[in-house]
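What you see below is based on every heavy atom in this structure, not just the backbone, and it leaves out hydrogens, waters and symmetry mates. The chains referred to below are lettered A, B, ... by the order of the sequence lines, with proteins before strands, and numbering in each begins at 1.
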There are 2 protein chains.
Amino acid sequence: MTQDAFSKTLITTASDQVFVDMRREIVEGSIAQGSKISEPELAKRYGVSRATLREALNRLESCYLIERKANVGCRVVALTAERLIEVYQVRSALEGLACRLAADNMAADEVQSLKQLLNQHLQTQRVKEGESYYQEAGDLDFHYRIIKASKNEHLIHLLSNGLYQLIRMYRVQMGMVGPRVSKAFDEHLAIINAIENHDGELAEMLMKRHINASQSNIQAKFERYKSI
Amino acid sequence: MTQDAFSKTLITTASDQVFVDMRREIVEGSIAQGSKISEPELAKRYGVSRATLREALNRLESCYLIERKANVGCRVVALTAERLIEVYQVRSALEGLACRLAADNMAADEVQSLKQLLNQHLQTQRVKEGESYYQEAGDLDFHYRIIKASKNEHLIHLLSNGLYQLIRMYRVQMGMVGPRVSKAFDEHLAIINAIENHDGELAEMLMKRHINASQSNIQAKFERYKSI
DNA sequence: TTCTTTAAGATTGTCGACAATTTATGGTTA
DNA sequence: TAACCATAAATTGTCGACAATCTTAAAGAA
């Protein structure tokens, strides 16, 4: 029994493994967006039976990475601009809530640990140079910690098992690196300060703006990407 | 192929039917909260194979009605006060968003139709007498229409396929009828007015308050229920 | 007695095969 | 040629059986 790095999913069964593997392939684009999924073909490829594969497919559907139609089959979700907006509207509302709850609940040492994390990011050369590390794993980590600090299990599940892989899919496949990195860092700093002051209202507002800015950024990239 | 009344789920396959049936039984309490689910037993009871049953179980897990542990099995979710708070915090954020979007998007004739629905509720004798009709189906219908009017498919799915059955489960099993009915009606009216004026900010705020009030109400009932 | 170990029983995970449905193919007709 | 229908092929839905794991209960040691 092992553990997945991104979603902290415990990998116990064969279908767990297939689920995590397929999820990575879909997020990274190895399995192309919008492509049809053939159960017999994929079962053979992963070396499992169709029953095991279907178990994994069910869970991929739960986190919105594939879509099923009865008696027809599965398709990998297609990344559209409209869908991106929808997802970010939801994300903004939910992470805003998470941030408010974090500001209410977070203990002093947790705040310190979070500040330390951000300092690490600052001092890492890669951040200054705007490399992908921060934007991907680092940013993810920051947001994840705040979500976790909300102490609302339902919310945590909704975000980390539901929305995040989908958001990663957009970001990874758009190749999200660029000038927003340093600006995002400042916004993170402001959010921490609000949390430290237990100012839930402000923390929520800052997080929402932060995510909206992130949305505008990725959306601009999206337009450029589509016009090519 | 038929259709389910509550979630508008299309029932095509055998597992669809089992899913809808089990969901109703869990929501209504026929299958007790916290109880262990035996796959062989339920498969026999519904007259399907275990594979079909497991398909349904997967989907029940997606809408948070049961919880699975690998190699151990499923349990019906247990209704705790903590969980109720968590769910309502999320609901408040999401329906607040839905209400804001509805205020932005809703066409004049849609607003009129919604007002008409509310008038029907008012004129129905049962409402005045505080019977369960309004609180259950009527209230649900009102909220559902606003959610739908948000035009955000992801949000719609999250609420109607995700949270709503769980919320119904609390309400049904607590027996939610009582003096809040008329007050809730007034709140609904205020929300519609805000939507009609396309005042998204106000509409969001009113909806959040409406849901928070509803939470307090059900929570009070919960305490009484638990102390017996 | 109480705790640990072990074996039996029961439950879940996985598999391959069959049935039902959809999709592709090819032939017919207007 | 285009539209329609019938047939064949492929895909999904469902089933029963076996393997792997957990749970329970009995037996033995401290």
Side-chain angles (χ1 to χ4, degrees), chain A residues 1-4 7 9-23 25-26 31-32 34-78 161, chain B residues 1-4 7 9-23 25-26 31-32 34-78 161:
Chain A
M1 185 162 76
T2 172
Q3 198 186 40
D4 172 59
S7 68
T9 313
L10 283 176
I11 298 168
T12 313
T13 67
S15 67
D16 287 336
Q17 188 65 59
V18 174
F19 167 65
V20 171
D21 288 347
M22 279 194 72
R23 190 179 59 185
E25 293 203 64
I26 291 175
I31 302 178
S35 64
K36 175 132 186 1
I37 285 178
S38 160
E39 293 184 6
E41 181 191 323
L42 280 187
K44 202 171 69 180
R45 180 165 145 209
Y46 286 104
V48 295
S49 78
R50 269 185 60 224
T52 303
L53 182 87
R54 280 166 67 85
E55 176 83 26
L57 291 181
N58 275 320
R59 290 160 65 188
L60 287 170
E61 190 188 15
S62 310
C63 46
Y64 313 105
L65 292 179
I66 68 176
E67 286 165 354
R68 295 180 78 184
K69 268 197 286 193
N71 287 314
V72 175
C74 299
R75 272 191 183 286
V76 177
V77 70
N161 287 80
Chain B
M1 183 162 75
T2 171
Q3 198 186 41
D4 172 60
S7 66
T9 314
L10 283 175
I11 297 169
T12 314
T13 67
S15 67
D16 287 336
Q17 188 64 58
V18 174
F19 167 65
V20 171
D21 288 346
M22 279 194 71
R23 190 179 60 184
E25 293 203 64
I26 291 176
I31 301 178
S35 64
K36 176 137 185 359
I37 286 178
S38 159
E39 293 184 7
E41 182 191 323
L42 280 187
K44 203 172 69 179
R45 179 163 144 211
Y46 287 104
V48 295
S49 78
R50 269 185 59 223
T52 304
L53 182 86
R54 281 166 66 86
E55 175 83 25
L57 292 181
N58 275 320
R59 289 159 65 188
L60 288 170
E61 189 189 14
S62 312
C63 47
Y64 313 105
L65 293 178
I66 68 176
E67 288 164 354
R68 293 180 79 185
K69 267 197 283 192
N71 287 315
V72 174
C74 298
R75 271 190 184 288
V76 178
V77 71
N161 287 80

N/O to N/O distances under 3.5 Å, protein versus nucleotides 6-10 of chain C:
none

Task: Boundaries of the chain B footprint along DNA chain D (any atom under 4.0 Å from a heavy atom) - done: D:dG13 to D:dT23
Open item on the list: Check A:Arg54 with B:Glu55, please: is the shortest side-chain N to carboxylate O separation under 4.0 Å?
Closed with: yes
Open item on the list: If I compare all heavy atoms of A:Leu57 with all of A:Cys74, which pair ends up nearest, and what's the gap?
Closed with: CD1-SG, 4.0 Å
Task: Integer-rounded Å distance: C:dT23 C1' and A:Lys69 NZ - done: 13 Å
- [ ] Tell me which residues in residues 35-50 of chain A put a heavy atom below 4.0 Å from DNA chain D, sorted by number, or none.
- [x] A:Lys36, A:Ile37, A:Glu39, A:Pro40, A:Arg50
Open item on the list: To the nearest 0.5 Å, what is the distance between CG on B:Asn161 and CZ on B:Arg23?
Closed with: 7.5 Å
- [ ] Evaluate whether atom NZ of A:Lys44 has more than 12 neighbouring non-hydrogen atoms of other residues, nucleotides or ligands under 6.0 angstrom away.
- [x] no
Open item on the list: Which is more 5' along DNA chain C, the nucleotide nearest A:Asn71 or the one nearest B:Val72? Just name the residue.
Closed with: B:Val72
Open item on the list: Among B:Ile37, B:Val76, B:Leu65, B:Ile66, exactly one meets side-chain contact (heavy atoms from CB on, under 4.5 Å) together with B:Met22. Which residue is that?
Closed with: B:Ile37
Task: Considering all heavy atoms, the nearest A:Asp16-A:Thr12 contact - done: OD2-N, 2.9 Å
- [ ] Evaluate the side chain to side chain contact (heavy atoms under 4.5 Å, CB included) criterion for residues A:Asp4 and A:Ile11: first the C-alpha distance (whole Å), next the side-chain angles of each, then the deciding distance (0.1 Å), finally the verdict.
- [x] CA-CA 7 Å; A:Asp4 172 59; A:Ile11 298 168; 4.2 Å; yes
Task: Contact summary for A:Arg75 and A:Lys36, nearest pair of heavy atoms - done: NH1-N, 3.4 Å
- [ ] Compare every heavy atom of B:Ser15 with every heavy atom of B:Ala56, then report the nearest pair and how far apart it is.
- [x] CB-O, 3.9 Å
- [ ] Looking only at non-hydrogen atoms, find the nearest pair between B:Tyr46 and B:Ile31 and report the distance.
- [x] OH-CD1, 4.3 Å
